[in-house]
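Because the structure is a prediction, the values reported are computed rather than measured. Order of listing sets the numbers, starting from 1, for every ligand and every atom in it.
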Amino acid sequence: MANGWSTKDSAKLYNIKGWGQNYFAVAENGHVVYQPKRTARQTIDIKSIVDDVVQRGIKLPVLIRFQDVLHDRVNLLNRTFRRAIEEHSYQGKYQGVYPIKVNQLREVVEEVLEAGKPYRMGLEAGSKPELMAVLAMNRADGLTIVNGYKDTEMMRLACLGLKLGKQVFVVVEKPGELDLLLKASREMGVTPLIGLRTKLSSEGSGKWKTSGGHAAKFGLTTPELLGAINLLKAEGALDCLKLLHFHIGSQITDIQAIQDAVKEATRIYAKMRKMGVPLEFLDCGGGLGVDYDGTKTSTDHSMNYTLEEYARGLVYSIQTVCGQEKVPEPNIVTESGRSTAAHHAMLVVNIFGSIETGAAPINVDETPDEHVVVKEIRDAIRGLNVEDIGESYHDGLRWLEEANSLFRLGYIDLEQKAKAETLFWRLCLEIRRLLPQAESVPEDVQHMAHTLHDQYLVNFSLFQSLPDSWAINHMFPILPLHRLDEQPTREAGLVDITCDSDGKVDQYVLSGRPRETLPVHDLNSDPYYLGIFLMGAYQATMGDIHNLFGRVNEVHVFEDEEEPGGYYVEEVIRGQTVRDVLDDTQYSEYELVKMVRTALDAQVKAGTIKPREGVDLLDYYESVLRQYTYIDHGPRAAVASGAQSEPDTVPLT
Ligand SMILES: *Cc1c(COP(=O)(O)O)cnc(C)c1O
């Protein structure tokens with residue numbers, strides 16, 4: 001609690017209450033804790049999980065899956081819909097499906113199915129491989145929904161599912177698919193279950209709003225919808241048409257967009273019922289949002305409604321339109337993926353060094369022989385005051401440029417150049433320190449102060465673990481997992497270990513509004529861990545092996561209800577090794593080892609190395625093939641090894 005800072009201040013700064021949904025909080029000891037029951041009664045110290053995992057020799061970065069959170073999300077979704085249905089005396093049922101594209105990992109799907117058992121929660125597939133998994137895994141009393149573009153094979157697979165006794169609905173996305181389905185079902189002798197996806201005129205909101213509306217890539221237009229009904233009538237298969245589907249995009253940020261869409265879709269449902277189509281299900285697709293920045297607004301990374309409002313909104317809107325049209329209330333299906341999976345996974349990363357602006361390993365004390373440009377910059381620092389910050393900055397800048405041109409012409413040496421640069425950065429740091437007191441600050445000074453922050457080097461690849469941060473500027477909450485009883489005294493940007501300048505995080509979730517830097521603590525000789533939260537949806541399989549950084553280690557954690565603060569690690573999934581990622585890019589281990597052996601043999605023959613050394617070097621090369629692809633930087637990464645040394649600080653001058 002140094003200088004009046006408390007863990008409460010940290011919780012507020014990083015807005016944990018805003019985005020954490022009570023799954024996460026800060027404990028008195030300054031550690032982030034995980035609350036499986038969403039209350040402070042049972043808390044699990046995340047830092048101690050990390051220490052435990054590292055002791056077991058599992059290297060960072062490591063992904064932690066809180067399986068109980070998945071369970072809880074499934075429960076919450078289903079219970080909320082049940083309550084909304086009771087409150088409104090709604091006549092239909094709620095029957096959700098989990099779209100596995102959000103996270104296809106078997107353990108995730110199993111957990112969802114397990115939690116969803118009392119609610120007959122089913123699965124949705126959008127491709128052939130997903131369907132192959134879903135056909136095997138899904139329960140018979142849950143729905144199986146098949147979306148996405150389909151070929152004959154997928155239709156046959158759906159028919160196979162029917163033969164297995166599962167309720168497989170094929171949702172027709174484009175007109176030609178209906179023929180394929182009817183043909184396949186005739187061939188295989190089954191009665192298909194058919195859904196139609198409608199293209200609504202209502203658009204979604206947020207980043208994925210173009211998934212709905214007329215320009216959408218999926219779905220049938222009104223004439224196509226009528227065409228499909230006529231075709232089914234002609235084939236005597238109208239009674240197979242049991243489901244109407246729409247999906248207006250993921251992460252819908254505005255409840256109004258959902259209301260508009262569901263009203264329009266219900267109207268279509270009602271008119272189809274009146275035409276004699278025996279529809280039983282209205283499938284409202286995905287889109288239920290996640291409040292990533294905790295602002296409860298309709299901005300891209302947030303949502304202006306709660307799960308309760310979502311469920312009540314759907315139930316109420318469908319009921320209202322059905323009442324007006326005097327048609328039966330359909331069973332409601334949703335395909336909520338993001339909201340189910342996002343909260344359960346977090347990535348733990350370690351900081352292994354920093355790039356500090358202005359830190360220089362050279363002596364800049366005044367010397368009699370120093371060049372006038374160096375003196376001038378020194379004078380700019382001396383003469384600095386709040387009233388003319390801009391003038392001092394521009395003077396400094398001019399003299400730095402002068403120093404650079406003198407160097408290019410050969411008039412000053414490397415030492416004088418280094419001194420000029422170091423002093424210039426000191427000037428900038430001093431200016432930044434004075435900024436809060438200054439009345440007016442020129443734009444270029446503001447810009448300079450902005451870019452002056454430190455960079456913390458994070459042991460992970462943004463491209464592998466947080467692809468949405470790179471591709472679509474998606475924000476995820478990031479914060480230190482410990483030391484939250486200390487005031488963070490530095491502002492840093494986080495950069496990853498790929499050789500790609502895009503490998504950095506640009507925006508951070510903090511209370512108030514997003515910032516371009518993250519408040520962090522000074523690095524000392526202990527490991528410094530950050531957690532990246534809410535990354536359970538979409539990140540895992542979208543990541544790539546840029547720079548050949550592979551899939552990360554993963555642990556699955558369950559709460560141990562017997563013991564306060566207790567947990568157990570049920571599963572450890574090892575990340576990819578160097579050999580694995582090389583193999584993915586067509587390098588065979590065998591060939592590589594052979595090439596290195598040949599090169600070593602040649603050196604032995606030439607007498608530059610001894611035969612014994614050649615054998616050891618080859619062993620060494622082979623051993624690295626079996627290692628993790630990430631940085632294994634003694635002091636910070638490996639608590640277990642007990643190795644301690646000063647942090648690496650790379651001066652930037
Ligand atoms: C992607 C997708 C979903 C999942 O959406 P979320 O916003 O993650 O809930 C559901 N249905 C369809 C058709 C989809 O394409």
Side-chain angles (χ1 to χ4, degrees), residues 70 73-74 76-78 80-81 94-105 108-109 112 116 121-127 130-131 134 143-150 154 169-174 177 195-200 203-213 216-220 243-255 257-258 261-262 265 281-292 300-303 305 307 310-311 313-314 332-345 467-468 472 474 476 534-542:
L70 260 182
R73 299 300 299 169
V74 171
L76 206 59
L77 175 73
N78 284 284
T80 308
F81 265 101
Y94 171 74
Q95 221 183 335
V97 292
Y98 169 70
I100 73 163
K101 76 157 186 258
V102 177
N103 192 318
Q104 299 98 338
L105 192 74
V108 169
V109 173
V112 169
M121 177 113 171
L123 299 174
E124 184 260 13
S127 69
E130 285 186 358
L131 181 55
V134 164
L143 302 178
T144 300
I145 307 270
V146 189
N147 287 321
Y149 290 130
K150 300 160 215 66
M154 270 180 91
F169 281 82
V170 173
V171 176
V172 172
E173 307 266 6
K174 65 180 179 65
E177 287 183 2
L196 297 182
R197 176 165 179 171
T198 161
K199 215 180 248 190
L200 299 177
E203 275 192 355
S205 69
K207 264 185 201 299
W208 286 274
K209 65 178 178 197
T210 50
S211 307
K217 155 171 138 180
F218 292 113
L220 305 178
L243 180 142
L244 183 70
H245 176 278
F246 71 93
H247 171 72
I248 56 169
S250 200
Q251 182 69 9
I252 306 292
T253 54
D254 188 353
I255 185 87
I258 296 169
V262 74
F281 296 92
L282 182 61
D283 181 343
C284 304
L288 175 56
V290 167
D291 195 355
Y292 289 96
D300 281 357
H301 304 100
S302 189
M303 57 198 270
Y305 56 94
L307 174 58
Y310 175 77
L314 289 192
I332 301 173
V333 180
T334 70
E335 305 172 343
S336 303
R338 183 184 296 277
S339 165
T340 304
H343 303 83
H344 91 284
D468 279 351
I472 54 172
H474 202 294
F476 296 90
L534 309 191
M535 44 164 305
Y538 296 109
Q539 303 313 294
T541 41
M542 302 234 291

Problem set entry | Distance filter under 4.0 Å to G287 heavy atoms, resulting ligand 1 atoms | 5 (O), 6 (P), 7 (O), 9 (O)
For this session: Applying side chain to side chain donor-acceptor pair (under 3.5 Å), name anything that partners D254, two or more places apart in sequence or on another chain.
Result: N304
Problem set entry | Y98 and R73: side chain donor to acceptor below 3.5 Å | no
For this session: Between P99 and ligand 1, find which residue part has any heavy-atom pair under 4.0 Å and reply side chain, backbone, both or neither.
Result: side chain
Exercise. Less than 4.5 Å apart, any side-chain heavy atom of H247 and any of N147?
Worked result: no
Problem set entry | Per-atom contacts of ligand 1 with R338, taking only distances under 4.0 Å to non-hydrogen atoms | 6 (P), 8 (O), 9 (O)
For this session: For atom 2 (C) of ligand 1, grab the closest protein heavy atom and report residue, atom and distance to one decimal in Å.
Result: K101 NZ, 2.3 Å
Seminar exercise, completed: Near S336 (heavy-atom distance under 4.0 Å), the atoms of ligand 1 are 9 (O)
Problem set entry | Proximity flag Y538 to ligand 1, non-hydrogen atoms under 4.0 Å | yes
For this session: Give the ring-plane orientation class for H301 versus H474, where under 30° counts as parallel, over 60° as perpendicular and anything between as tilted.
Result: perpendicular
Seminar exercise, completed: Paired with M121, the side chain to side chain contact (heavy atoms under 4.5 Å, CB included) test is passed by just one of V97, L77, L143, namely L77
For this session: List in chain and number order the residues that pass salt bridge (charged side-chain N to carboxylate O under 4.0 Å, His left out) with E173, two or more places apart in sequence or in another chain; answer none if no residue qualifies.
Result: R197
Problem set entry | Min N/O separation N147 to ligand 1 under 3.5 Å | no
Exercise. Quick one: does V171's side chain get under 4.5 Å of E124's, heavy atoms only?
Worked result: no
Seminar exercise, completed: A student checking ligand 1 against G337 at a 4.0 Å heavy-atom cut-off should list atoms 6 (P), 8 (O), 9 (O)
Exercise. Can you find an N/O atom of S250 closer than 3.5 Å to an N/O atom of ligand 1?
Worked result: yes
Seminar exercise, completed: Quick look: E335 vs ligand 1, heavy-atom contacts under 4.0 Å, and the answer is both
